[in-house]
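Numbering of ligands and ligand atoms starts at 1, following listing order. This one's a predicted model, so the numbers in the text were calculated from it and none came from an experiment.
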Amino acid sequence: MKSGVSIDDVLAEVALMVRPQFGKGRPADYIPQLAGVDPNKFGMAVCTVSGGEHVIGDADEPFSAQSITKLFALGLALNQIGDEVWTRVGKEPSGTPFNFLSQLEYEHGVPRNPFINAGALAITDILLDTVKAPELLVRDFIGMLSGSQLEIDEAVAQSEIDTAHKNRAIANLMRGAGTITHEVEAVIAAYCRQCAITISCRQLARAALPLAADGFSPIAEETIFPSRLTRRLNALLLTCGTYDSVGSFAYRVGLPAKSGVGGGILAVVPGQATIAVWSPELDRFGSSVVGTAALEYFAQLTNCSVL
Ligand SMILES: NC(=O)CC[C@H](N)C(=O)O
């Protein structure tokens, strides 16, 4: 990041610059409970590896983490079984929407990467090998990394479980192919409950600090990922974290990032900082319109990029 810039000043400027972006997207409505979230919310938090914390707007308001949780679930699975994960899931960008079905059949039930829904369901299945409720493992892992107790929003979880027809189709296809081994309903319930974890921008930026700090969590005061794994997780975020808009996202923002249909986006500046942003209106790829613009402006103003 440009030396000498005040992150607080940058956040204030970003909050002004994103104003024209409101009203261009739409909150997720395929999960009925998410449709009612106030579309005008905007929060952003930056945590630096040197201990700085900077926030603006609704940065302390919990929102639905959704697919951002897939990053932490993957980290847990890789810590548990290492490279064996890659016998179940690929590491290539999919070029298709996060819940696309036909590519999966074409490719014999092996998901392209761990961040599309099929891949995340396979990761849930791996975690189910060792625990009954992987969603609680993921919740408590993110909670430990953020220094706070996190909750699962039961209404959001139930709303998604009731309507997860496409995800059930994906899971059934993989069960038939042997990519997942547990009962489809158990995998779906754990996955939907994991997605319904609520978190604020500040908590999320804190939780992701190991990705910026070579695997070390200053909040938990321990090494969470070996440094090689940290680099690999950032590589996966850069190439697969925003689904079929990953190329244009990298072009605009230039940072490893994970989006979720709750409107949150987490971005990493390796060696320097983590950035979490939240605003519920989504583009057609399922990423926050205002959040993407905020990250683009932040990267421009601070001159940060991995590229
Ligand atoms: N991109 C997302 O955040 C999608 C997560 C959502 N729970 C789903 O499975 O559809």
Output block, N or O contacts of ligand 1, threshold 3.5 Å exclusive:
from     : atom 1 : to   : atom 2 : distance (Å)
ligand 1 : 1 (N)  : S67  : OG     : 2.9
ligand 1 : 1 (N)  : Y243 : OH     : 3.0
ligand 1 : 3 (O)  : S67  : N      : 3.1
ligand 1 : 3 (O)  : S67  : OG     : 2.6
ligand 1 : 3 (O)  : V261 : N      : 2.8
ligand 1 : 7 (N)  : Q66  : OE1    : 2.6
ligand 1 : 7 (N)  : E160 : OE1    : 2.9
ligand 1 : 7 (N)  : E160 : OE2    : 2.7
ligand 1 : 9 (O)  : N117 : ND2    : 3.0
ligand 1 : 9 (O)  : E160 : OE2    : 3.1
ligand 1 : 9 (O)  : N167 : ND2    : 2.9
ligand 1 : 9 (O)  : Y191 : OH     : 2.6
ligand 1 : 10 (O) : Y30  : OH     : 2.6
ligand 1 : 10 (O) : N117 : ND2    : 3.4

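No donor-acceptor pair closer than 3.5 Å links the side chain of W278 to the backbone N or O of S288.
Scanning both residues, V55 and A59, for their nearest heavy atoms gives CB-CB, 3.6 Å. V46 and A273 get closest at one heavy-atom pair: CG1-CB, 4.2 Å. When every heavy atom of S305 is checked against every heavy atom of L255, the shortest pair comes out as CA-CD2, 3.9 Å.
The other residues sharing a hydrophobic cluster with I31 are Y30, L34, F98, I116, V156, Y243, V261, L282, where clustering joins ILVMFWY side chains under 4.5 Å apart.
Atom-to-atom distance recorded for E61:CD and T198:OG1 is 10.5 Å, nearest 0.5 angstrom.
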